[in-house]
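Note sheet for the following structure.
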There are 2 protein chains.
Amino acid sequence: MKPANKASEIDRIVATIDRAVAEQRLPPGTRLVEAQLVESLNANRNHVRVALQRLALKRIVTIEPNKGASIAQPSVEEARAVFAARSVIERGIIEILVSQRGALNLALLRKQRDQEQAAIERGQREAIIRESGQFHLLLARLAGNPVLEDVLKDLITRSSLIISLYQRHSDPQCGCDEHGDIIAAIEGRDPLPAIQCMRHHLNDLEQHLNLDFWETRSVDLQTVFGDDHD
Amino acid sequence: MKPANKASEIDRIVATIDRAVAEQRLPPGTRLVEAQLVESLNANRNHVRVALQRLALKRIVTIEPNKGASIAQPSVEEARAVFAARSVIERGIIEILVSQRGALNLALLRKQRDQEQAAIERGQREAIIRESGQFHLLLARLAGNPVLEDVLKDLITRSSLIISLYQRHSDPQCGCDEHGDIIAAIEGRDPLPAIQCMRHHLNDLEQHLNLDFWETRSVDLQTVFGDDHD
DNA sequence: GCATGAATAATTGTTAACAATTTTTGAGGC
DNA sequence: GCCTCAAAAATTGTTAACAATTATTCATGC
């Protein structure tokens, strides 16, 4: 139906599901029935299957043999490991950024931060999550290491999943302007405060999780993918 | 032919190719023809295709649409990025290890180091590469973070690929007992020397690469997979 | 009512055939 | 010799049908 050079048809499916998870439109535990995906995404079954395999590799979906795929439900241990890994990687990214010679592109960061703030003010939950992730990803991109960027991208999606699973509904989405603080700290060109700031930020995220309770909702794939999300 | 619970048939194929690359039996650029893999690995074509997709995701193979898969030939930039990423991640791992309360399992590390030394003395190239990778992976495992461990595992395989591509044949495999030094530094429980040591080690690896020249050999898959490697 | 279990439906897994594309081969002309 | 180009072969991509497994339904007996 769509042109979409066939080479990346699988990428398209992966990206669509990935994004739906990252933006928490697909809650953990949601069953992903092949036939439904084929219909919702106008894809063929083989491509869907391969895409699911890829997502399984990224721990975004879980595949049980003969039972099918569902959106993953990361355990508490996995959740902790993901945040610890992010701490390690984002610390490295900040060190690279701060030690970089040449003007670091603070303008781009500020712009991203502003977009996030705008989303917060409008109260658009999905946009907030997306923009927040984009901020962290932008740091990685500015650091100029595609390998770290790739790894972090996956970890951010997994973080969304974890937050979606464990977040306390009562808590506010994001305390204050922590991303602004990080920008300021990076601007100072002194690694230690910047690292402390990032560490504090990730710690905040983790602390706001309720690691004892979660609920699983059921979801209509047609609705989730129906809008202009692909 | 083999029992090999079907659930992980794809895993088996991926692991076999992965290991062949990590041990440099499959040089960069080698074409991976589906039909040959089906025969060499006693697998069905679908499984082989999915396995290749996975390996492509891990940047171990490159898939060109309608042209097939080959073992990747990482660019110089990618090589630098991989080593920089390892530096960030392994630094984090060491910090976790050093700050861990409770006895850190130095015995396991020493045993691994001894195995590597034995391989070096016997001059078994494949074993040396494998054991060296295992040492780094063991550090990750002892740090108790499966996420970092997974990421590092991929990076180590990619490192093998890079070394295989860019290494100067004249240089010795591995200078001196750098892994022993790392153990000693960790034992000291002081993070800084340990980190310096690891950084030095990775730097050594990178410095011993020739980033201007490489050659592509052709390889018979039957031979590569023929021995007891699966 | 509800536990049991066979029949049915839904879903995933596998296979083989076919289509499309690229690569190789080889004949003909210069 | 070697360039060109068409035919053949090899290789990858796609599809649909079938098999195997799991989930659901529903009648039956207690």
Side-chain angles (χ1 to χ4, degrees), chain A residues 1-17 26 29-57 60-73 216-222 224-225, chain B residues 1-17 26 29-57 60-73 216-222 224-225:
Chain A
M1 210 127 284
K2 243 164 291 180
N5 55 339
K6 302 216 184 168
S8 56
E9 168 71 352
I10 292 167
D11 290 337
R12 193 197 109 231
I13 301 172
V14 170
T16 305
I17 298 177
L26 271 177
T30 307
R31 293 219 40 209
L32 300 174
V33 178
E34 292 178 2
Q36 294 180 46
L37 291 175
V38 165
E39 178 139 10
S40 305
L41 302 172
N42 294 308
N44 83 40
R45 209 179 136 209
N46 248 326
H47 290 161
V48 166
R49 299 190 99 229
V50 173
L52 289 175
Q53 296 267 1
R54 272 209 211 166
L55 290 163
L57 203 65
I60 290 170
V61 315
T62 304
I63 296 181
E64 281 183 290
N66 289 320
K67 299 270 206 77
S70 355
I71 303 295
Q73 299 180 315
T216 308
R217 289 164 277 168
S218 90
V219 157
D220 175 38
L221 295 181
Q222 198 70 50
V224 171
F225 295 126
Chain B
M1 209 129 282
K2 245 164 290 181
N5 54 339
K6 302 215 183 168
S8 56
E9 167 72 351
I10 293 167
D11 290 337
R12 193 197 109 232
I13 301 172
V14 170
T16 305
I17 297 177
L26 271 177
T30 307
R31 293 219 42 208
L32 300 175
V33 177
E34 292 178 2
Q36 294 181 45
L37 291 174
V38 165
E39 178 139 8
S40 304
L41 301 172
N42 293 310
N44 83 41
R45 208 178 137 210
N46 249 326
H47 291 162
V48 166
R49 299 191 99 229
V50 173
L52 289 175
Q53 296 267 1
R54 272 208 212 168
L55 290 163
L57 203 65
I60 291 170
V61 315
T62 304
I63 296 180
E64 281 183 289
N66 288 319
K67 300 270 206 75
S70 357
I71 303 296
Q73 299 180 315
T216 308
R217 289 164 277 169
S218 90
V219 157
D220 175 39
L221 294 181
Q222 198 71 49
V224 172
F225 294 126

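Here the structure is a predicted model, which is why all the values come from computation and not from measurement. Letters go in sequence order (proteins before strands), and every chain restarts at 1.
Rounded to an integer number of Å, the gap from CD of A/Glu39 to P of C/dT11 is 12 Å. Rounding to whole angstrom units, CZ of residue A/Arg31 and C1' of C/dA10 are separated by 10 Å. What separates NZ of B/Lys67 from C1' of C/dA20 is a distance of 15 Å, to the nearest Å. Rounded to an integer number of Å, the gap from B/Asn42 CG to C/dT15 P is 13 Å. Atoms CD (A/Glu64) and C1' (C/dG13) sit 15 Å apart, rounded to a whole Å. Going from atom CD of A/Glu34 over to atom P of D/dT22 covers 15 Å, rounded to whole Å.
Using a 4.5 Å cut-off on side-chain heavy atoms (C-beta onward), B/Asp11 and B/Arg54 make contact. Between A/Leu37 and A/Ile13 the shortest side-chain heavy-atom distance does not fall below 4.5 Å.
Comparing A/Ala35 and A/Asn46 against DNA chain C, the residue whose closest nucleotide sits nearer the 5' end is A/Ala35.
Across all strands shown, B/Asn66 has heavy atoms under 4.0 Å from sugar-phosphate atoms exclusively, and none from any base.
The phosphate of C/dT12 has neither OP1 nor OP2 within less than 4.0 Å of any side-chain N or O from A/Arg49. One finds a side-chain N or O of A/Asn44 lying less than 4.0 angstrom from the OP1 or OP2 phosphate oxygen of D/dT15. Look at B/His47 and you won't find any side-chain N or O under 4.0 angstrom from OP1 or OP2 of C/dG13. The shortest distance between the side-chain N/O atoms of B/Arg45 and the OP1/OP2 oxygens of C/dT15 is not below 4.0 Å.
Considering all non-hydrogen atoms of both residues, B/Ile63 and B/Ala69 come closest at CG1-CB, 4.0 Å. Smallest separation of non-hydrogen atoms from A/Val38 and A/Asn44: CG2-C, 4.1 Å.
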